[in-house]
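Numbers for residues simply follow the sequence, beginning at 1.
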Amino acid sequence: MPQSTDPNVLLGIATNDDAGVYKLRDDLAIVQTVDFFTPIVDDPYDFGRIAAANSLSDIYAMGAVPLTALNICAFPLVTLGADVLKAILAGGAAVAIEAGVTILGGHTIEDDEPKYGMSVTGTVHPDKFVRNAGAKVGDVLVLTKAVGTGVLATGLKRGAIDALKMAPAVASMTRLNAHASRAMLAHGAHAATDITGFGLLGHAGELARASGVGLQIVAGAVPILPHALDLVRAGTIPSGTKSNRLEHESFTSFADDLDDGMRILLSDAQTSGGLLIAIAPERLRALQAALRDVGDLAAEIGVVTSGSGIVVSA
């Protein structure tokens, strides 16, 4: 992809950040992102909710406010029927209403496999958005959601778990990162990214490279969704997670005593995961208090170091 020479492009593709930022005025910029994927749960309404929350997450990761969205949908109308499509769109609409986002329309095509997501536009002050490139040596890393959604979704598809055991993952994936976004802005976070398809280590690695730093992560401090570790140990590993793990080994060093199942979960391909926030240690407690006041997780999982790459301890 060619690099833009437009001076109003404040953030493009150079650092693999979560969204693009374009300056309109000295006090206003728009933030744009797009995301869609195939179903990871059986219930079409929940699928719509998860896909919408996932799409909005990239806006929140920038510290921006989402305003409008366009639906993106591929759907086999003849085989699945209009009621399923209506449920998917209703789920997306419910999350948009919760977020204060107006769906202006969208586009649908016929496809053998259903897919749904959103293109989202938000706004932010040109000088006040949060990049993945601002982490500083000595910063503390805070994670706002547990990991394991990829493993659990695969377990559901294979019949290894039922909808009841999947419920905590659905609750996590449909929870907006809006409060976490506002909290990190209020407390001066240096950098942030949301954890999605490349897993915790993948997105943490992007943050480290963009910031020119290294990271130390304590695996035992990373929150895990119920049943995820048991599924991994029983051999339930998504293909995307396997691919992630191979890629992550190129820039990650693991402690010899680290459980192999935990290594896999650190690379698990997430959907609508939490924010990974780098913040100065003197501001950590205030950020954690703000997150916990609204029911978000605020797990202190590591620190930013000099050098490069990621070191994971048990």
Novice: Using the side chain to side chain donor-acceptor pair (under 3.5 Å) rule, pick out the option among Glu247, Lys242, His248 that qualifies with Ser267.
Specialist: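 Of the listed residues Glu247, Lys242, His248, the side chain to side chain donor-acceptor pair (under 3.5 Å) partner of Ser267 is His248.
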Novice: Counting heavy atoms not belonging to Phe251, are there more than 12 under 6.0 Å from its CZ?
Specialist: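 More than 12 within 6.0 Å, yes.
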Novice: I'd like to know whether Asp139 forms a side chain to side chain donor-acceptor pair (under 3.5 Å) with His190, so could you lay out the CA-CA distance, the side-chain angles of the two residues, the decisive distance to 0.1 Å, and finally the verdict.
Specialist: CA-CA 8 Å; Asp139 280 352; His190 290 150; 2.8 Å; yes
Novice: Quick one: list whatever passes side-chain contact (heavy atoms from CB on, under 4.5 Å) with Asp42, sequence neighbours left out.
Specialist: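 Partners of Asp42 under the side-chain contact (heavy atoms from CB on, under 4.5 Å) test: Leu156.
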Novice: Taking the hydrophobic residues Ile, Leu, Val, Met, Phe, Trp and Tyr, and joining any pair whose side-chain heavy atoms are under 4.5 Å apart, which ones share a cluster with Leu67?
Specialist: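 When side chains under 4.5 Å apart are linked, the cluster holding Leu67 also contains Val65.
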Novice: Less than 3.5 Å apart, any donor N or O on the side chain of Gln270 or Thr196 sitting next to an acceptor on the other?
Specialist: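 No, because no side-chain N or O of Gln270 sits under 3.5 Å from a partner of the opposite role on Thr196.
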Novice: Taking the side chain as every heavy atom from C-beta outward, state whether Val31 and Tyr22 have any atom pair closer than 4.5 Å.
Specialist: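 They are not in side-chain contact.
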Novice: What's in the same ILVMFWY side-chain cluster as Met184, cut-off under 4.5 Å, chained through other members?
Specialist: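 Besides Met184, the cluster holds Val130, Val140, Val142, Leu185, Leu275, Ile277, Ile279, Leu284, Leu287, Leu291.
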Novice: Which residue in the set Asn16, Asp58, Asp18, Asn132 passes side chain to side chain donor-acceptor pair (under 3.5 Å) when paired with Thr193?
Specialist: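 With Thr193 as partner, Asn16, Asp58, Asp18, Asn132 yield a single side chain to side chain donor-acceptor pair (under 3.5 Å), made by Asp18.
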Novice: Mind listing the closest non-hydrogen atom pair of Leu11 and Arg131 along with its distance?
Specialist: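 Leu11 and Arg131 have their closest heavy atoms at CD1-NH1, 3.8 Å.
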Novice: Which atom names give the shortest non-hydrogen contact between Gly261 and Val232, and what distance separates them?
Specialist: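 In terms of heavy atoms, the two residues are closest at CA-CG1, 3.7 Å.
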Novice: Taking atom CG as the centre, does Asp26 end up with more than 12 heavy-atom neighbours from other residues, nucleotides or ligands that are less than 6.0 angstrom away?
Specialist: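 No, CG of Asp26 has 12 or fewer neighbouring heavy atoms, counting only those of other groups under 6.0 Å.
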Novice: So with a 6.0 Å cut-off around CG of Asp112, is the heavy-atom count from everything else above 12?
Specialist: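 Open: at most 12 neighbouring heavy atoms sit under 6.0 Å from CG of Asp112.
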Novice: I'd like to know if Asp296 and Lys145 make a salt bridge, using a cut-off of under 4.0 Å between side-chain N and carboxylate O.
Specialist: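 Not counted as a salt bridge, because no side-chain N and carboxylate O are separated by less than 4.0 Å.
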Novice: Should Ile310 and Leu258 be counted in the same cluster of Ile, Leu, Val, Met, Phe, Trp and Tyr side chains packed under 4.5 Å apart?
Specialist: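 Yes, because Ile310 and Leu258 connect within a single hydrophobic cluster, where side-chain heavy atoms sit under 4.5 Å apart.
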Novice: Side chain to side chain contact (heavy atoms under 4.5 Å, CB included) between Thr252 and Val312: does it pass, once the steps are laid out?
Specialist: CA-CA 7 Å; Thr252 306; Val312 179; 3.7 Å; yes
Novice: Without hydrogens or angle criteria, can the side chains of Ser57 and Asn177 be said to hold a donor-acceptor pair below 3.5 Å?
Specialist: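 Checked: Ser57/Asn177 side chains pair up, N/O donor to acceptor below 3.5 Å.
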Novice: Treat each ILVMFWY residue as a node, draw an edge where side-chain heavy atoms are under 4.5 Å apart, and state whether Ile13 and Val124 are in one component.
Specialist: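 Looking at the clustering, Val124 is in a separate group from Ile13.
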Novice: Would you call Arg175 and Glu98 a salt bridge, using N to O less than 4.0 angstrom?
Specialist: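 Salt bridge between Arg175 and Glu98, a charged N being under 4.0 Å from a carboxylate O: no.
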Novice: Do other residues, nucleotides or ligands put more than 12 heavy atoms under 6.0 Å from Phe198 CZ?
Specialist: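 It does not: Phe198 CZ has 12 such atoms or fewer within range.
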Novice: Using a strict cut-off of less than 4.0 Å between a Lys/Arg side-chain nitrogen and an Asp/Glu carboxylate oxygen, indicate whether Asp46 and Arg49 qualify as a salt bridge.
Specialist: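 Yes, this pair counts.
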Novice: Indicate yes or no: does Lys115 engage Asp111 in a salt bridge with an N to O separation below 4.0 Å.
Specialist: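 Yes, Lys115 and Asp111 are salt-bridged.
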